[in-house]
Asks: 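Pasting in a structure now, in structure tokens, and then I'll have a few things to ask.
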Amino acid sequence: MGIFEYAPAPESRDLANLKPRYRPFVNGEFVDGSGEPLKTINPATEEVLAEVGTASVSDVDIAVKAARKAYNGVWSKMPGSERAKYLFRIARLIQERSRELAVLESLDNGKPIKESRDSDVPTAAAHFFYHAGWADKLDYAGYGPNPKPLGVAGQVIPWNFPLLMLAWKIAPALATGNTVVLKPAETTPLTALVFAEICQQAELPPGVVNILPGAGDIGAALVGHGDVNKVAFTGSTEVGKAIQRQIAGTAKKLTLELGGKAANVVFDDAPLDQAVEGIVNGIFFNQGHVCCAGSRLLVQESIAEEVLEKLRHRVSTLRLGDPLDKNTDIGAINSAEQLAKIKGLVESGDAEGAERWTSPCPVPERGFFFAPTVFSDVQQSMRIAREEIFGPVLSVLTFRTPDEAVTKANNTPYGLSAGIWTEKGSRILWMANQLRAGVVWANTFNRFDPAAPFGGYQESGFGREGGRTGLEAYLDV
């Protein structure tokens, strides 16, 4: 049966209300940062979207002082029921401005509009709704008597989910009575600065939330500032290790959510069509720019050829192209630097003898795009089986027994997530207990809920975000 032809269905970029210039947000106001301005790029077209003012090290100090003043004078003293009202307002404003935020996210990040519209923005609002509900219940949450906020939280977020990672960080911090200085990723600062507008609309007290665009040196200055009590970082394992070294010996609390190389394990009794959809979602969602992506597919040997045949057929139907087209499944890689890294690792897979299959989909001549790719005949020693590619590239390995599946799944320095596909509930429970991963999905993948804690082990970091456990990371208990 032929593939349906889809007429273009572009979302209007005018909805983004794109401005020519954006500025840092400090103490309730947009200010001129004293750092060198940067130009943020649309990765699908390589055009300049806007100029963004950036912070300097001195601006970090000003922002932390503003956050400390707001913490001491207003926010930590405010009853939880009053803090909750602000979080509810923010959640509703995210919903009201959802189309604007979704289009802006896709322009700045490169992800398909249907993902930013249907996943990122609604889940960001859900995190504020969820944490607003906790703000006046902390005394009854099992943390012991009179849990207290920590103070000023320094937060650094990545470019793969700019608005959603902001919500993961800011919502629990505010709900527990902390104030925030947040540094968005250098390549994706725009939705964070529109979120600052939302803070103004919600009449959040000045200094409670501060947003400082900039490069890695600003993140390092924020992490190392002497008046920051809590550091929360999501990003690469390499930077996470540097942060841990930087704050060693201080009293700062730290949570790290880092890289991953998740195993997605398919047994011979799995519902294969359902599993193939889960495999595709697990690795090709957001162009594979997902820390918990199911980038290692472990298939039981007896069904490996059948699964590969089904998988290649399904991947060949994915549509790659304009992120603002509602029909697009695979958008743009976020930057030229990331595209070069993906290409380098794919070349290593070729050189080491894996069998490469790439979707025949057309690739735009302009922009940072990479066609979905599946490697079979992969050995555990290969770089594509060991290193985080962070792109739309899947490595397929096989196993014979459940014990071998566990051994291969755990053969990684990471430990963020895993998936299990089987009809046997007992096997799911047995294997989930064997896998060294912070999140284990059964007969699904990439399912998230604000009430469920998320985080990893080993080189995937430590600490949890979301749920009651995630709140504890922002409390002195």
Asks: Using modelled atom types only, decide if a donor and an acceptor are shared between the side chain of Glu186 and the backbone of Ala215 within a distance under 3.5 Å.
Replies: no

Asks: If you define the side chain from C-beta out and look only at heavy atoms, does anything of Val231 sit under 4.5 Å from Lys253?
Replies: no

Asks: Are side-chain N/O atoms of Asn109 and Thr188 paired as donor and acceptor at under 3.5 Å?
Replies: no

Asks: Quick check on Gln380: does its CD atom have over 12 non-hydrogen neighbours (other residues, nucleotides or ligands) under 6.0 Å away?
Replies: yes

Asks: Quick one: CG on Leu258 to CD on Gln458, what's the gap to the nearest 0.5 Å?
Replies: 12.0 Å

Asks: Regarding Thr358 and Thr373, is there a side-chain donor-to-acceptor distance under 3.5 Å anywhere?
Replies: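 Yes, side-chain donor-acceptor contact under 3.5 Å.
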
Asks: Measuring centre to centre across the rings, with the benzene-like ring taken for any Trp, is Trp159 within less than 6.0 Å of Phe390?
Replies: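 Yes, the ring centres sit under 6.0 Å apart.
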
Asks: Is any side-chain heavy atom of Ile243 closer than 4.5 Å to one of Leu254?
Replies: yes

Asks: Within the structure provided, determine whether Thr191 and Leu166 are in side-chain contact (heavy-atom separation under 4.5 Å).
Replies: no

Asks: Is the shortest side-chain N to carboxylate O distance from Glu105 to Arg117 below 4.0 Å?
Replies: no

Asks: Count the heavy atoms of every other residue, nucleotide or ligand shown that sit under 6.0 Å from NZ of Lys343, and state whether that count exceeds 12.
Replies: no

Asks: Kindly check if the number of other-residue, nucleotide or ligand heavy atoms within 6.0 Å of CD (Glu404) is above 12?
Replies: yes

Asks: For Lys341 and Ile389, indicate whether the former's side chain and the latter's backbone hold a donor-acceptor pair under 3.5 Å.
Replies: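 Judged by distance alone, no pair lies under 3.5 Å.
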
Asks: Should Glu115 and Lys111 count as an ion pair when the cut-off is N to O under 4.0 Å?
Replies: no

Asks: Within a strict 4.5 Å, meaning less than it, do heavy atoms of the Tyr130 and Asp449 side chains meet?
Replies: no

Asks: Between Thr398 and Leu298, is any pair of side-chain heavy atoms under 4.5 Å apart?
Replies: no

Asks: Is any side-chain heavy atom of Trp441 closer than 4.5 Å to a side-chain heavy atom of Arg447?
Replies: yes

Asks: Taking Glu388 first and then Lys261, would you say they form a salt bridge - that is, a charged N and a carboxylate O separated by under 4.0 Å?
Replies: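 The answer is no: the pair does not qualify as a salt bridge.
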
Asks: If you measure from CD1 on Ile90 to CD1 on Ile198, what distance do you get to the nearest 0.5 Å?
Replies: 8.0 Å

Asks: Going by the side chain to side chain contact (heavy atoms under 4.5 Å, CB included) test, name the single residue among Cys292, Pro158, Ser460, Cys291 that passes it with Glu257.
Replies: Cys291

Asks: If you take all heavy atoms of Gly35 and Asp59, which pair is closest and at what distance?
Replies: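 Here Gly35 and Asp59 meet closest at N-OD2, 4.2 Å.
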
Asks: What is the minimum heavy-atom distance between Thr176 and Asn178, and which atoms define it?
Replies: OG1-ND2, 2.8 Å

Asks: I'd like to know if the side chain of Ser116 reaches the main chain of Ile113, judged simply by a donor and an acceptor atom lying under 3.5 Å from each other, with no hydrogens or angles considered.
Replies: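 Checking the backbone N and O of Ile113 against the side chain of Ser116, a donor-acceptor pair under 3.5 Å is found.
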
Asks: Kindly determine whether Leu107 and Leu324 satisfy side chain to side chain contact (heavy atoms under 4.5 Å, CB included), including the steps that lead there.
Replies: CA-CA 8 Å; Leu107 284 172; Leu324 289 188; 3.8 Å; yes

Asks: With a 4.5 Å cut-off on side-chain heavy atoms, are Val180 and Val208 touching?
Replies: no

Asks: Where do Thr187 and Ser335 land on the side-chain hydrogen bond (donor to acceptor under 3.5 Å, both in side chains) test, with the steps shown first?
Replies: CA-CA 8 Å; Thr187 60; Ser335 66; 5.9 Å; no

Asks: Phe462 and Tyr457: aromatic ring centres closer than 6.0 Å?
Replies: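 For Phe462 and Tyr457, the ring centres are not under 6.0 Å apart.
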
Asks: Within the side chain of Ser98, is there an N or O that forms a donor-acceptor pair under 3.5 Å with the backbone of Ile94?
Replies: no

Asks: What's the verdict on side chain to side chain contact (heavy atoms under 4.5 Å, CB included) for Val60 and Ile218, showing C-alpha distance, side-chain angles and the deciding distance?
Replies: CA-CA 7 Å; Val60 172; Ile218 301 307; 3.7 Å; yes

Asks: Counting N and O atoms only, with roles assigned by atom type, does the side chain of Thr328 sit under 3.5 Å from a partner on the main chain of Ile330, one being a donor and the other an acceptor?
Replies: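 No: the side chain of Thr328 does not pair with the backbone of Ile330.
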
Asks: How long is the gap from NZ on Lys310 to CD on Glu305, to the nearest 0.5 Å?
Replies: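 Lys310 atom NZ to Glu305 atom CD measures 13.5 Å (nearest 0.5 Å).
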
Asks: Take Thr412 and Arg386, measure what side chain to side chain contact (heavy atoms under 4.5 Å, CB included) needs, and give me the verdict at the end.
Replies: CA-CA 7 Å; Thr412 174; Arg386 295 183 289 108; over 6 Å; no

Asks: Looking only at side-chain N and O atoms, does Asp61 offer a donor or acceptor that is under 3.5 Å from a partner on His225?
Replies: yes

Asks: Is the ring centre of Trp168 less than 6.0 Å from the ring centre of Phe161?
Replies: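 Judged by ring-centre distance (under 6.0 Å), Trp168 and Phe161 do not meet the cut-off.
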
Asks: Quick one: OG1 on Thr40 to CG on Leu49, what's the gap to the nearest 0.5 Å?
Replies: 5.5 Å

Asks: Ignoring hydrogens and geometry, is there a side-chain-to-backbone donor-acceptor pair from Thr255 to Gly463 under 3.5 Å?
Replies: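 Such a contact is absent between Thr255 side chain and Gly463 backbone.
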
Asks: Look at atom NZ of Lys326 and say whether more than 12 heavy atoms of other residues, nucleotides or ligands are closer to it than 6.0 Å.
Replies: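 For Lys326, atom NZ is crowded (more than 12 foreign heavy atoms under 6.0 Å).
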
Asks: In Å and rounded to the nearest 0.5 Å, what is the CG to OG distance from Leu308 to Ser376?
Replies: 5.5 Å

Asks: Sorted by first residue and then second, give each ring-ring contact (aromatic ring centres under 6.0 Å, His included) pair with at least one member in residues 392-440; sequence neighbours left out.
Replies: Phe267-Phe399

Asks: With no hydrogens and no angle check, is any side-chain donor or acceptor of Glu459 less than 3.5 Å from a backbone partner on Pro413?
Replies: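 Absent.
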
Asks: Please check this pair: side chain of Arg319 against backbone of Asp329, looking for a donor-acceptor N/O pair closer than 3.5 Å.
Replies: no

Asks: Locate the shortest heavy-atom distance separating Ala473 from Leu150; write the atom from each residue and the value.
Replies: O-CD1, 3.5 Å

Asks: Does any N or O in the side chain of Gln300 come within less than 3.5 Å of the main-chain N or O of Arg400, such that one atom is a donor and the other an acceptor?
Replies: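 Yes: the side chain of Gln300 pairs with the backbone of Arg400.
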
Asks: Does any non-hydrogen side-chain atom of Arg314 lie less than 4.5 Å from one of Ile279?
Replies: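 A side-chain contact is absent here, since even the closest heavy-atom pair is not under 4.5 Å.
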
Asks: So, for Phe284 and Pro372, which heavy atoms are closest and what is the spacing to 0.1 Å?
Replies: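 Heavy atoms of Phe284 and Pro372 come nearest at CE2-CB, 3.6 Å.
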
Asks: Just by modelled atom types, is the Asn410 backbone N or O under 3.5 Å from a matching donor or acceptor in the Arg436 side chain?
Replies: yes

Asks: How long is the straight-line distance from OG of Ser295 back to CD1 of Ile283, given to the nearest 0.5 Å?
Replies: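 Output value for this atom pair is 5.0 Å.
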
Asks: May I have the step-by-step check of side chain to side chain contact (heavy atoms under 4.5 Å, CB included) for Phe454 and Leu416, ending in yes or no?
Replies: CA-CA 8 Å; Phe454 181 87; Leu416 192 56; 4.0 Å; yes

Asks: Considering all heavy atoms of both residues, which atom of Gly438 and which atom of Arg464 are nearest to each other, and what is their separation?
Replies: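 Answer, listing the atom of Gly438 first, then Arg464: CA-NH2, 4.0 Å.
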
Asks: Looking only at heavy atoms, which two atoms of Phe445 and Ala262 are closest? And how far apart?
Replies: CZ-CB, 4.4 Å

